*Asks:* 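Encoded as structure tokens, here's the structure I'll be asking about.
Small disclaimer: the values here were computed from a predicted structure and weren't measured. Heavy atoms only: backbone and side chains are in, while hydrogens, waters and symmetry mates are out.
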2 protein chains.
Amino acid sequence: MSVQTASPRQCHSTPHVNCADCRLASICLPISLQIDDIEKLDDIVQRGRPVQRGDRIYHAGENFHAVFALRSGAVKTVCVTHDGQEQITGFYLPGEIFGMDGLASNNHTNSAIVLETSAICEIPFARLEELSSQVPSLQRRFFQLMSKEIAQEQQLITLLSKNSADERIASLLLSISTRNHNRGLSAREFHLTMSRSDIGNYLGLTIETVSRVLSRLHKQGVIALDKKHVIINDLDALKSVASIPTDAVK
Amino acid sequence: MSVQTASPRQCHSTPHVNCADCRLASICLPISLQIDDIEKLDDIVQRGRPVQRGDRIYHAGENFHAVFALRSGAVKTVCVTHDGQEQITGFYLPGEIFGMDGLASNNHTNSAIVLETSAICEIPFARLEELSSQVPSLQRRFFQLMSKEIAQEQQLITLLSKNSADERIASLLLSISTRNHNRGLSAREFHLTMSRSDIGNYLGLTIETVSRVLSRLHKQGVIALDKKHVIINDLDALKSVASIPTDAVK
DNA sequence: CGGCGCCTTGACTTGCATCAAAAGTAGTGG
DNA sequence: CCACTACTTTTGATGCAAGTCAAGGCGCCG
């Protein structure tokens, strides 16, 4: 089970870094908090051991007691239908929060599965809730996070409902690119941590279609593709495949 | 513009009913609040004039300042893509809360459009937020509402990603039926307030497909259908079309 | 009555799924 | 280091569910 991936430990994945010093603070939960409020938040955040590919952070059906912030690595959330099929509902990158499903019913509706060696902060919800009452900007921030989650899912709904296979895949690549960029990484070049099968599941496509579309984009020179390593050669062309105006900031 | 539908004014749409007396209290925002907390909530709720089919409660891009509870009638929320297409992201029935998009960015990402003569409660968010800090059970309730919204959207994502036209439409009928039932109305017989085109838009199908599937269900005797009036003749058969186990509660 | 939306139905087309097989990649153990 | 197994990805051939195009019906309103 100890699948050590090539992903090296990075400075921000060391357990002792606190929220104030974390280089992801500008995009994570602490946004817009005062320094002493960050310290209060810091007190309730639990930083765990690195987790490995395939590990589950929580299971669907499990009691909900915490939300999670991803420090490094990547995570997917999946929910299971009546007939046992899995649907991936989101991919999470460093600085992003997951696990807010399950708040409604006190039980997680999704499972969270680790895609590559990751470092994760656990934030016990009871204490977060309590602190939110005392720190209005934290309460607001948390409302915003949930609202952002809703907005993103609506984007996905639109993608699934209205867009072709090409558009869906181009959109996903652009989304990852943008999120990488916001974390201060390259928008042009990145590693697809998820398998073709994960991508297909997420976008409502078969793995064959995913493979074909990626090959075509490669042949057309829009992207360069080596296994899971992606380079966006022509950003405007990719946006045009995604039917996104080239001037859209997104 | 004044499209007066056949829908009669009902007792719970009269503006003077307060939260404590509203017959939707058991499924609306006040759930699990103490009686004096309901009164505090009641103080900030604004009950407006009835609105008509086609009216917009808020526009995409508009400043976010309130969430809304539907007292009677029906509402759809839509968001607009880059290329000007509309995507319906939800249908709302009495007792349900909408307008929580826009919390993230302080601007609504959706528009809310009235489907039939409706009565709506407006809840200014600033005051709700403030009250939430003082009343932990309200804060919790509001977190839950947003989380429920997330869970429902994930259901829709799964539906769009994995299910056939028949399954999508049967699922929608069952969802409306269940929600009616929870409001104390008939689960067997109801009025489809939305047009075929709305249904198609919501479910990622063309209006022709919607029409064909409904006709087929009618011919098979699973439902009776007269214009917008629906009677579910064989609930188990409908669940089976939706690929939902017949013993599933929801 | 005639015009305008909304809905239904039929004939045809197509994008993606399905089926099938081969090629590439990784992990394991001799 | 290579052979072996298992898994993932690619590529090709074929089929079908749902989209598109087109025509006609029904109800509503001026």
*Asks:* Does anything in residues 222-232 of chain B come within less than 4.0 Å of DNA chain D? Heavy atoms only, and list the residues if so.
*Replies:*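 Residues of residues 222-232 of chain B under 4.0 Å from DNA chain D: none.
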*Asks:* How long is the line joining CG of L205(A) and C1' of dT18(C), in whole Å?
*Replies:*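 Roughly 14 Å, once rounded to whole Å.
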*Asks:* More than 12 heavy atoms of other residues, nucleotides or ligands under 6.0 Å from NE2 of H181(B): yes or no?
*Replies:*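 Not more than 12 within 6.0 Å, no.
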*Asks:* Going by distance alone, is a donor N or O of one side chain under 3.5 Å from an acceptor N or O of the other, for H191(B) and E116(B)?
*Replies:*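 No, because no side-chain N or O of H191(B) sits under 3.5 Å from a partner of the opposite role on E116(B).
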*Asks:* Can you list everything that forms a side chain to side chain contact (heavy atoms under 4.5 Å, CB included) with A69(B)? Sequence neighbours excluded, please.
*Replies:*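 So A69(B) forms a side chain to side chain contact (heavy atoms under 4.5 Å, CB included) with C28(B), I97(B), C121(B), I123(B).
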*Asks:* With side-chain contact (heavy atoms from CB on, under 4.5 Å) as the criterion, how do R188(A) and N233(A) come out once you've worked through the C-alpha distance, each side chain's angles and the decisive distance to 0.1 Å?
*Replies:* CA-CA 7 Å; R188(A) 271 196 71 245; N233(A) 287 327; 3.8 Å; yes
*Asks:* Just jot down the side chain to side chain contact (heavy atoms under 4.5 Å, CB included) partners of R183(B), sequence neighbours excluded, or say none.
*Replies:*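 By the side chain to side chain contact (heavy atoms under 4.5 Å, CB included) rule, R183(B) matches L24(B), I27(B), L93(B), P94(B), N180(B), L185(B).
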*Asks:* Should the pair R179(A)-E96(A) be classified as a salt bridge under the 4.0 Å nitrogen-to-oxygen rule?
*Replies:*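 Salt bridge present between R179(A) and E96(A).
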*Asks:* Who are the side chain to side chain donor-acceptor pair (under 3.5 Å) partners of S197(A), not counting sequence neighbours?
*Replies:*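 Residues passing side chain to side chain donor-acceptor pair (under 3.5 Å) with S197(A): none at all.
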*Asks:* Cut-off 3.5 Å, no hydrogens considered: what does the side-chain donor-acceptor table look like for residues 84-92 of chain A, sequence neighbours left out?
*Replies:*
residue, atom, partner, partner atom, Å
Q85(A), NE2, D83(A), OD2, 3.1
Q87(A), OE1, S161(B), OG, 2.8
Q87(A), OE1, K162(B), NZ, 2.8
Q87(A), NE2, N201(A), O, 3.3
T89(A), OG1, T77(A), O, 3.1
T89(A), OG1, T77(A), OG1, 3.0
Y92(A), OH, E149(A), OE2, 2.5

*Asks:* From CZ of R196(A) over to P of dC16(C), roughly how many Å is that when rounded to an integer?
*Replies:*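 For the pair R196(A) CZ and dC16(C) P, the rounded distance is 18 Å.
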*Asks:* What does G204(B) touch in the nucleic acid at a heavy-atom separation under 4.0 angstrom: a base, only the sugar-phosphate, or nothing?
*Replies:*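 It contacts sugar-phosphate atoms only.
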*Asks:* Is a donor from one side chain sitting under 3.5 angstrom from an acceptor on the other, for Q52(B) and T117(B)?
*Replies:*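 On atom types as modelled, these side chains qualify, holding a pair under 3.5 Å.
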*Asks:* Looking just at side-chain N and O atoms, do E167(B) and S164(B) make a donor-acceptor pair shorter than 3.5 Å?
*Replies:*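 The criterion, which ignores hydrogens and geometry beyond distance, is satisfied for S164(B) and E167(B).
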*Asks:* Of all nucleotides in DNA chain D with an atom under 4.0 Å from a non-hydrogen atom of chain B, which is the first and which the last going 5' to 3'?
*Replies:*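 Range of nucleotides touched by chain B: dA18(D) to dC21(D).
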*Asks:* If a pair means Watson-Crick or G-U wobble with both distances below 3.5 Å, what does DNA chain C look like in dot-bracket form, with | marking bases paired to a different strand?
*Replies:* ||||||||||||||||||||||||||||||
*Asks:* Listed in order of residue number, which residues of residues 206-221 of chain A have a non-hydrogen atom at under 4.0 Å from DNA chain C?
*Replies:*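 Here the set is T206(A), E208(A), T209(A), R212(A).
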*Asks:* Please list residues of residues 156-166 of chain B whose heavy atoms come under 4.0 Å from any atom in DNA chain D, ordered by number; otherwise none.
*Replies:*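 When residues 156-166 of chain B is checked for heavy atoms under 4.0 Å from DNA chain D, the hits, listed by number, are S164(B), A165(B).
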*Asks:* Going by the rule side chain to side chain contact (heavy atoms under 4.5 Å, CB included), which residues pair with A60(A) if we only count those two or more places apart in sequence or in a different chain?
*Replies:*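 Result, side chain to side chain contact (heavy atoms under 4.5 Å, CB included) vs A60(A): S111(A).
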*Asks:* Can you name the side chain to side chain contact (heavy atoms under 4.5 Å, CB included) partners of N182(B), sequence neighbours left out?
*Replies:*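 T178(B).
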*Asks:* By side chain to side chain donor-acceptor pair (under 3.5 Å), which residues pair with S211(B), not counting sequence neighbours?
*Replies:*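 Side chain to side chain donor-acceptor pair (under 3.5 Å) check on S211(B) returns nothing, list empty.
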*Asks:* How about F64(B) and Y58(B): are their ring centres within less than 6.0 Å of each other?
*Replies:*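 Ring centres of Y58(B) and F64(B) not closer than 6.0 Å.
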*Asks:* Scan side-chain atoms only and decide if D101(B) and Q154(A) contain a donor-acceptor pair under the 3.5 Å cut-off.
*Replies:*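 Per modelled atom types, D101(B) and Q154(A) side chains form no pair under 3.5 Å.
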